[in-house]
Amino acid sequence: MDLLNTLVDKGLRRELPTREEALAVLATSDDDLLDVVAAAGKVRRHWFGRRVKLNYLVNLKSGLCPEDCSYCSQRLGSEAGILKYTWLKPDQASDAAAAGVAGGAKRVCLVASGRGPTDRDVDRVSDTIKAIKANNEGVEVCACLGLLSDGQAERLREAGADAYNHNLNTSEATYGDITTTHTYADRVDTVSKAHAAGLSACSGLIAGMGESDEDLVDVVYSLRELDPDSVPVNFLIPVEGTPLAKEWNLTPQRCLRILAMVRFVCPDVEVRIAGGREVHLRSMQPVALHLANSIFLGDYLTTEGQAGKADLEMIADAGFEVEGTDQVTLPDHRAAGGCHDGGGACGSEGGGVCGSGAAPEAAEPRTAADARTDLVAVRRRGAGTDLAPNA
């Protein structure tokens, strides 16, 4: 396909595809899917070889969030039967992190529910970061605490944080449909604060919330402009008790097309398969490693994931290798910090957001009969419990 040859060439040059090209990837047929994966895989291997970075989540504070994000089981008014607990102590969080590191994780992601941290919360998390760093040599720590106030990103950086995560989640045009208690601009501002403080920015999306192909392309182009080092691609886990519990819109094939589109638009960043890969990719998870170079190990914040041992076996069986703490994740030009000059998308070579092709019609939604509710399990182990974590 001429389209795929063009996209590979652009990916190797870090040149931005046109919107029309990005939309065309999402519109490819199942017959062409393996060709799409092979093409995006060339770009992935050029920048990241066959390495897979493992990340591990520690939920520092679960549930009781005042925000109304429709996709979240911790939201205001959620009826989901999730674990609910207040802040873990630094030693508890450090023990939880150690389990993930022992399982092969290179980065520990510290997450807390809420609109954003108070200064006292930043102190708590700073103590936790220091404890984790002291007990786990070479580990990276990413904080995800919600909207940041002035000066908080700098304090986290001083405490030893390497990165900060705050996802855009969906397009600016549809953001108000999923959240009303804060704005899309608030999220962009927090990612910018992380950048300015010298933290590695991590920002991604959630697919499967009923969005159109145009919405998906819009949010990925916005991410390219923000220039994060890591782009997590979440696939909605429709948890009972949340407003989006009936949104079963994804197939394994569509998930692969979305990951390929993200790789073509963001060729040289860490593309991470995040929440929902087990639920929606299912037996196609190993194929997705040809597109993404990073995954989460074990469980998620409020739901269970694949066993850590199974993750490691999957990576080895697919012919990939776990990235070590002595290896640098990002390509040299990004690792050296040369892409974060505030000048827009790195390596765009003058290519703006171009292409005026109309969006393909959205795929038919999956029916209730297709829903794999049996694959959604609320987390009952690990942080906040007396049971061993799944790492």
Side-chain angles (χ1 to χ4, degrees), residues 55-90 92-93 96-97 100 108-129 132 141-149 152-153 156 161 163-170 175 178-183 186-187 189-191 193-194 202-206 209 232 234 236-245 274-276 296 298-305 376-385 389:
N55 308 267
Y56 188 69
L57 284 167
V58 177
N59 196 351
L60 296 178
K61 181 168 72 77
S62 183
L64 307 175
C65 182
E67 303 299 286
D68 68 354
C69 307
S70 300
Y71 50 83
C72 184
S73 58
Q74 303 183 79
R75 72 188 296 272
L76 178 70
S78 171
E79 298 177 358
I82 62 168
L83 291 170
K84 297 176 182 177
Y85 52 86
T86 190
W87 290 94
L88 297 182
K89 293 181 171 58
Q92 293 173 312
V108 172
C109 303
L110 303 176
V111 188
S113 62
R115 178 179 177 85
T118 64
D119 286 340
R120 184 182 177 191
D121 293 336
V122 173
D123 289 339
R124 284 193 184 100
V125 177
S126 294
D127 290 342
T128 298
I129 293 169
I132 291 172
V141 176
C142 178
C144 178
L145 312 174
L147 302 173
L148 292 174
S149 300
Q152 291 183 329
L156 291 168
Y164 195 84
N165 166 258
H166 200 60
N167 295 330
L168 297 187
N169 290 328
T170 193
Y175 195 83
I178 63 166
T179 304
T180 67
T181 47
H182 61 266
T183 67
D186 290 332
R187 288 187 169 264
D189 178 66
T190 286
V191 177
K193 281 184 168 69
C202 173
S203 188
L205 65 143
I206 304 174
M209 297 190 291
N234 294 276
L236 177 71
I237 303 176
V239 177
E240 287 298 326
T242 64
L244 298 184
F296 278 109
D299 292 334
Y300 302 102
L301 296 177
T302 63
T303 58
E304 292 185 356
V376 180
V378 172
R379 180 173 69 84
R380 299 297 184 200
R381 59 197 174 197
T385 77

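Keep in mind that what you see is a predicted model, and the values were worked out from it rather than measured.
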Mind checking whether P238 and T242 have side chains closer than 4.5 Å, heavy atoms only? no
Any heavy-atom pair between the side chains of W87 and Q92 that's under 4.5 Å? no
Is R124 salt-bridged to D121, going by a charged N under 4.0 Å from an acidic O? yes
Give a yes or no answer on whether the side chain of Q152 reaches the backbone of P117 with a donor-acceptor pair at less than 3.5 Å. yes
4.5 Å side-chain heavy-atom contact, L156 and L145: yes
I'd like to know if the side chain of Y175 reaches the main chain of L168, judged simply by a donor and an acceptor atom lying under 3.5 Å from each other, with no hydrogens or angles considered. no
Are the side chains of R75 and C65 in contact, using a 4.5 Å heavy-atom criterion? no
So, using side chain to side chain contact (heavy atoms under 4.5 Å, CB included) as the criterion, who are the partners of V111 when residues are at least two apart? L57, C144, L301
Side-chain H-bond candidate by donor/acceptor type, Y71 with N234, under 3.5 Å: no
Establish, from distance only, whether the side-chain atoms of D186 and T183 form a donor-acceptor pair under 3.5 Å. yes
A side-chain contact here means heavy atoms from C-beta on lying under 4.5 Å apart; do T179 and N169 qualify? no
Taking only residues two or more places apart in sequence, or in another chain, which ones meet I237 in a side chain to side chain contact (heavy atoms under 4.5 Å, CB included)? V239, T303, V376
Would you check if S149 and K193 make a side-chain contact, meaning some heavy-atom pair closer than 4.5 Å? no
Where do Y85 and A383 come nearest, in terms of heavy atoms and distance? OH-O, 3.4 Å
T128: which residues meet the side chain to side chain contact (heavy atoms under 4.5 Å, CB included) condition with it, sequence neighbours left out? L60, P90, A93, L110, I132
I'd like to know if the side chain of T181 reaches the main chain of D68, judged simply by a donor and an acceptor atom lying under 3.5 Å from each other, with no hydrogens or angles considered. yes
Residue pair I178, I206: steps toward the side chain to side chain contact (heavy atoms under 4.5 Å, CB included) verdict: CA-CA 11 Å; I178 63 166; I206 304 174; over 6 Å; no
Determine whether E67 and C72 make a side-chain contact, defined as any pair of heavy atoms from C-beta on separated by less than 4.5 Å. no
Do H166 and L148 have side chains that get closer than 4.5 Å, going by heavy atoms? no
